[in-house]
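Here's the structure, in structure tokens; my notes come after.
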Amino acid sequence: PLEMSAKKPVPFLRQVVPVRKKVQRDPRFDDLSGEYKPEIFIKTYSFLDSIKKQEKEIVQKQLKKCRNMEQREKLQRLLNRMTQQEQAQKKQQKLRERELSLKRQQRELAKQGKKPFFLKKSEKRKLELAEKYAELKRSGKLESFLNKKRKRNAIKDKRHLPSQKSL
């Protein structure tokens, strides 16, 4: 029919023009965003490191000038967090470099015609400990680190011993 029926009630909120609903997508789980590769990500956002360094210097200057104790504590916490993030990033970078060097060695061995040999998690941990030991020895902090480790282990052992009351 050319005319609409007058008997049908008109809706309260009538849509004259259909509105397309926006589809929200999360780039972390979407295929359109591509695959995450840490090396490319680090290269792309390497400029952030210099910005973070500048911000850290600004916070240090503010901390030296600050007289208010509450503000000083806030700035100190912020500075500590920045330092910890920086250390964690360096640690992550070292780990990536170590894995890349192991992969390179495997490729070289494969080119020579040898079978690839992959390290177990425990062997990787041993290599990491050996590297940490060498680093501590080089910096001269080995003795203090070992003393702390001994104390920690002694406390753990004391917990497992039966107490004097039970005897």
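We number each residue from 1, following the sequence as shown.
- Remark: of the listed residues K149, K148, E143, K149 is the sole one forming a side-chain contact (heavy atoms from CB on, under 4.5 Å) with F145.
- One distance of note links CG of L146 with CG of L136; it measures 8.0 Å at 0.5 Å rounding.
- Looking at R150 and N153, their side chains never bring a donor and an acceptor atom within 3.5 Å of each other.
- The two residues L79 and T83 come nearest to each other via the heavy atoms O-OG1, 2.7 Å.
- Of the residues R77, K53, E55, the one that meets the side-chain contact (heavy atoms from CB on, under 4.5 Å) test with M82 is E55.
- Contact detail for R25 and D30: the closest heavy-atom pair is NH1-OD2, 2.8 Å.
- Counting heavy atoms of neighbouring residues, nucleotides and ligands inside a 6.0 Å radius, atom CD of E97 exceeds 12 of them.
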Does the pair Q60 and K56 meet the rule for a side chain to side chain contact (heavy atoms under 4.5 Å, CB included), with working shown? CA-CA 6 Å; Q60 285 173 334; K56 189 177 177 184; 4.1 Å; yes

Assess whether side chain to side chain contact (heavy atoms under 4.5 Å, CB included) is satisfied between Q87 and K91, documenting all intermediate values. CA-CA 6 Å; Q87 288 172 350; K91 191 176 180 182; over 6 Å; no

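- Listed here is the closest heavy atom pair of F117 and Q106: O-NE2, 2.5 Å.
- Here the straight-line distance linking atom CG of D26 with atom OG of S33 works out to 8.5 Å at 0.5 Å rounding.
- Distance CG/N80 to CD/Q76: 5.0 Å, rounded to 0.5 Å.
- Note on I40 and I42: separate hydrophobic clusters, where clusters join Ile, Leu, Val, Met, Phe, Trp and Tyr whose side-chain heavy atoms are under 4.5 Å apart, directly or indirectly.
- Taking CD of Q105 as the start and CG of L119 as the end, the distance is 9.0 Å to the nearest 0.5 Å.
- The hydrophobic cluster containing Y36 also contains Y45, counting ILVMFWY residues as joined when their side-chain heavy atoms lie under 4.5 angstrom apart, directly or transitively.
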Could you check D49 against E86 for side chain to side chain contact (heavy atoms under 4.5 Å, CB included), going step by step and ending with a plain yes or no? CA-CA 9 Å; D49 293 335; E86 197 176 287; over 6 Å; no

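- Between the CG atom of L109 and the CZ atom of R104 there is a distance of 14.0 Å, given to the nearest 0.5 Å.
- Summarising the geometry of R138 relative to E135, their closest heavy-atom pair is NH2-OE1, 3.1 Å, with the distance given to 0.1 Å.
- By the rule that hydrophobic residues join a cluster once side-chain heavy atoms approach within less than 4.5 Å of another member, F41 and L48 end up as members of one cluster.
- A salt bridge does not link E99 to R96: none of the charged side-chain nitrogens sits closer than 4.0 Å to a carboxylate oxygen.
- Taking a cutoff of 4.0 Å between a charged side-chain nitrogen and a carboxylate oxygen, K94 and E131 do not qualify as a salt bridge.
- Here the CD atom belonging to E123 is positioned 11.0 Å from the CZ atom belonging to R125, to the nearest 0.5 angstrom.
- L102 and L100 fall into different hydrophobic clusters, where Ile, Leu, Val, Met, Phe, Trp and Tyr are joined by side-chain heavy atoms under 4.5 Å apart, directly or via other members.
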